[in-house]
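Please read the structure below before turning to the comments.
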Amino acid sequence: MSKLFVDKSITINAPATKVWDVLTISEYNADWAKEFSSGGPQFHLESTWELGSPVLWKGQDGTVIVEGNVTAVEKNKIIRFTVFDVRSAERHAVTEEDGITFQLLEENGKTTLHILQGDFSAMTDGEKYRDMSADIWDKVLPKVKEMAEQAN
């Protein structure tokens with residue numbers, strides 16, 4: 001089966017440092033991460049964002065909903081981390097490109113944020129989950145853009 005990834009980009013009228021902050025600081029990411037809960041409990045991401053460090057998606061009560069580890073990081077340029085829903089019994093072998101990748105490219109004061117999420121092909125109903133995730137990113141990316149531009 002071919003690989004299944006969500007692959008999306010958005011141009012943001014803010015420097016990469018502002019976009020990075022919106023992605024990595026818990027107070028900011030709690031605002032856009034709520035799109036992933038689809039009306040359920042709100043959560044935020046916690047991490048030191050250092051290579052190998054854990055990335056925890058925590059609910060308001062501190063419960064870990066999704067966990068992973070940073071697999072690539074270059075401040076203000078790229079961050080990649082694995083994701084595993086702890087409520088699911090299904091765990092897959094993870095390749096270096098799996099998980100969520102945020103890539104930031106700044107040019108003339110504007111930043112292109114490129115996200116890649118997957119590979120969903122290893123999952124049962126992978127296409128369905130890829131499409132659901134793509135719909136969520138269609139809500140998250142404009143939110144990240146708005147937040148970074150307001151902070152600018």
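These numbers come from the heavy atoms of this one structure, side chains and all, not from hydrogens, waters or symmetry mates. None of these values were measured; they are calculated from a predicted model.
- Minimum heavy-atom separation, Gln117 to Ser133: OE1-CB, 3.6 Å.
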| said: Does Trp137 form a side chain to side chain contact (heavy atoms under 4.5 Å, CB included) with Ile10? I'd like the steps, not just the answer. | reply: CA-CA 10 Å; Trp137 285 111; Ile10 194 166; over 6 Å; no
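- The hydrophobic clustering, which links ILVMFWY residues whose side-chain heavy atoms are closer than 4.5 Å, places Val83 and Ile78 apart.
- Of all heavy-atom pairs between Glu127 and Leu4, the closest is N-CD1, 3.6 Å.
- The closest side-chain donor-acceptor pair between Ser9 and Thr112, if any, does not fall under 3.5 angstrom.
- Not counting sequence neighbours, Asp131 has no partner by the side chain to side chain contact (heavy atoms under 4.5 Å, CB included) test.
- Remark: Glu106 CD to Ile12 CD1 distance equals 11.0 Å, nearest 0.5 Å.
- Considering all non-hydrogen atoms of both residues, Lys18 and Ala14 come closest at CB-CB, 4.2 Å.
- Counting all heavy atoms, side chain and backbone alike, Phe5 lies closest to Leu116 at CD2-CG, 3.8 Å.
- Taking CG of Leu51 as the start and CH2 of Trp49 as the end, the distance is 13.0 Å to the nearest 0.5 Å.
- Considering all non-hydrogen atoms of both residues, Val19 and Ala148 come closest at CG2-CB, 4.0 Å.
- Between Lys3 atom NZ and Arg130 atom CZ the span is 14.0 Å, to the nearest 0.5 Å.
- One hydrophobic cluster, built from ILVMFWY side chains closer than 4.5 Å, cannot hold both Trp20 and Leu105; they sit in different ones.
- Rounding to the nearest 0.5 Å places CD of Glu74 at 10.0 Å from CD of Gln103.
- Listed by chain and number, the residues in a side chain to side chain contact (heavy atoms under 4.5 Å, CB included) with Ile25 are Asp21, Glu27, Tyr28 (sequence neighbours excluded).
- In this model, a donor atom of one side chain and an acceptor atom of the other lie less than 3.5 Å apart for Asp7 and His114.
- Taking CG of Leu104 as the start and OG1 of Thr111 as the end, the distance is 6.0 Å to the nearest 0.5 Å.
- Side-chain atoms of Thr101 do not come within 3.5 Å of backbone N or O of Arg80 as any donor-acceptor pair.
- Side-chain contact between Leu23 and Leu113: present, with at least one pair of heavy atoms (C-beta onward) separated by less than 4.5 Å.
- Here CD of Glu67 is found 11.5 Å from NZ of Lys58. Values are rounded to the nearest 0.5 Å.
- Closest heavy-atom contact between Leu141 and Ile115: CD2-CG2, 3.9 Å.
- If you run side chain to side chain contact (heavy atoms under 4.5 Å, CB included) between Ser47 and each of Leu56, Val55, Val73, only Val55 comes through.
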| task | Decide side chain to side chain contact (heavy atoms under 4.5 Å, CB included) for Asn13 and Lys145; before the verdict, give the C-alpha distance in whole Å, the side-chain angles of both, and the deciding distance to 0.1 Å. | result | CA-CA 8 Å; Asn13 296 312; Lys145 175 182 170 74; 4.0 Å; yes
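- Note on ring orientation: taking the six-membered ring where Trp is involved, the planes of Trp57 and Phe81 are tilted (angle from 30° to 60°).
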